[in-house]
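Chain naming here is simple, since letters A, B, ... match the order of the sequence lines and numbering starts at 1 in each.
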Amino acid sequence: MVETFLPIVTLSLVVSGVALGIASVLGFPLGAWLALANVPGKRVIEALIYTGMAFPPVVVGLVVYMLLSRSGPFGDLGWLFTTNAMIVAQVVIAFPMVAGLTQTAIDGLDPALRLQLRALGASSPQVMWTLLTEARAGVLSALIAAFGSIISEVGAVMLVGGNIEGQTRVMTTAIVLETRQGNFELALALGALLLSLTFLINFAVIRLGQRREAPAR
Amino acid sequence: MTAQYTLRGVQHRYGTRTVLSLDALEILQGEVLAIVGPSGAGKSTLLRLLNFLEPPTDGVITFDGQTVTARPPLDLIRRVTTVFQRPVLLDRNVHDNVAFGLRLRGQAVDGRVDAALAHVGLSGLDRAQARKLSGGEMQRAALARALVIEPEVLLLDEPTANLDPYNVGLIEGILAAQNRERGTTLVLVTHNVFQARRLAHRVALLWDGRLIEVNRTADFFDSPSDPRSAAFAKGEVAY
């Protein structure tokens with residue numbers, strides 16, 4: 001069973017981990033910028049991001065499928081039914097979640113903090129970074145929510161990955177397959193494993209975000 | 001003393017509302033200038049302009065002889081800092097809060113943080129969570145955070161409002177020593193007549209965004225040139 005599960009579990013974690021990494025690199029700065037900037041069009045970008053958060057993953061899969069299909073604009077990349085396509089789909093799902101929840105987290109900070117940081121001589125990137133670290137509880141929630149949504153997502157990865165054994169089969173698509181074939185025990189075992197892994201990763205991330213402090217007098 | 005700041009024809013507006021309109025003001029290097037006046041007089045706005053956090057709508061500010069542009073370089077901004085009425089500390093321990101400005105500048109922390117904490121009477125609290133300190137301790141931590149970066153100008157926006165007399169005395173002592181021993185220019189916004197009298201070399205009265213009088217402290221209180229200054233000196237101004 002280990003030989004069956006291990007490549008599936010590994011691929012699930014790699015695909016979702018890379019997708020979350022890319023979504024974070026794009027989403028944290030955008031979320032922080034949206035919280036700080038006061039520019040025309042900001043409300044439109046916010047509305048687009050919140051819409052993206054509610055986008056059905058299967059529709060994301062469909063759009064990515066069309067873009068990467070042989071007749072699509074990015075067909076030459078040859079990414080359809082590869083892990084690259086699955087990562088792209090998961091980035092599209094996770095990115096608005098990371099950006100939107102990061103903005104909300106920073107918006108929740110004391111507005112006087114920005115002025116104080118600048119008065120202490122922080123550059124714009126330093127202000128942004130400090131606000132992200134100050135809002136770390138909310139930022140971690142953004143990461144956890146985004147990771148949870150993509151590791152457990154099935155529609156998009158099934159469409160663009162194709163559930164090819166040894167190549168694009170991940171835990172969620174394997175659960176669908178085993179259920180269809182009547183292998184309920186295997187499907188349930190995969191489900192339990194997915195749940196346990198998600199719990200462990202979330203627990204580790206939460207612990208990582210905690211700081212040890214000595215009590216005040 | 002030479003001029004640290006020169007303000008000429010400085011106006012600041014938010015929308016159509018003019019909140020500050022100063023024909024001329026000089027702040028001298030190494031002096032303690034108290035800015036007094038009722039609420040809404042433009043005192044805090046003036047401090048933001050002096051910390052280069054926003055450019056004036058009109059007029060010219062020079063610092064150390066150099067004209068300040070609308071987007072001043074970071075090196076210039078870092079020569080000045082502000083301690084606000086409400087200390088805004090980071091969600092970190094006291095040591096990391098005080099070290100913050102040094103780390104921003106890429107400077108070594110070494111023993112400087114410990115020395116700054118000792119200077120404000122907070123030795124031993126370096127590992128405490130900053131936001132769990134008492135009000136007076138928080139303000140002293142904010143002061144240590146400002147002093148450790150050795151600013152040329154320290155702007156203070158009612159730094160002792162709402163503090164108990166013990167902490168007021170401590171902070172005033174630290175500020176006076178900083179000015180006397182290091183020559184740091186202090187610009188102190190205060191509602192406290194007695195504090196202005198104790199600390200300042202000169203006092204400036206702002207009223208509805210306009211500068212009514214700037215005078216040596218003794219003259220401001222003993223022979224004010226404007227009835228509004230006299231009212232302030234007698235404590236008759238409603239804040």
Practice item. Select one option (side chain, backbone, both, neither) describing which atoms of B/R131 are under 4.5 Å from chain A's heavy atoms. Key: side chain
Review point. For A/Y65, does the OH atom sit with more than 12 other heavy atoms under 6.0 Å from it, leaving out its own atoms?
Key: no
Point to revise | Option in B/I77, B/D75, B/L53, B/L89 with maximal non-hydrogen atom pairs under 4.5 Å from chain A | key: B/L53
**Study point:** Residues, nucleotides or ligands: over 12 heavy atoms within 6.0 Å of B/Y14 OH
**Key:** yes
Check your understanding: Does the side chain of B/R48 come within less than 4.5 Å of A/L115's, by heavy atoms?
Key -> yes
Exercise for review: Rounded to the nearest 0.5 Å, what's the gap from CD on A/Q116 to CZ on B/R86? Could you check?
Suggested key: 10.0 Å
**Study point:** Residue, of B/T81, B/L104, B/V80, that accumulates the most heavy atom pairs under 4.5 Å with chain A
**Key:** B/L104
Study note, to complete from the structure: Output for pair (A/D110 CG, B/L90 CG), nearest 0.5 Å, gives 11.0 Å
Exercise for review: Answer yes or no: does atom CZ of B/R182 have more than 12 heavy-atom neighbours from other residues, nucleotides or ligands under 6.0 Å?
Suggested key: no
Review point. What is the minimum heavy-atom distance between A/L120 and B/R145, and which atoms define it?
Key: CD1-NE, 3.5 Å
Point to revise | Partner chain A: residue of B/T82, B/V83, B/I149 with the largest heavy-atom pair count (under 4.5 Å) | key: B/T82
Review point. Between A/A119, A/A112, A/S123, A/A122, which residue shows the highest count of heavy-atom pairs closer than 4.5 Å to chain B?
Key: A/A119
**Study point:** Greater than 12 external heavy atoms within 6.0 Å of A/F203's CZ
**Key:** no
Review point. Out of curiosity, B/R103 CZ to A/T130 OG1, how far, rounded to the nearest 0.5 Å?
Key: 11.5 Å
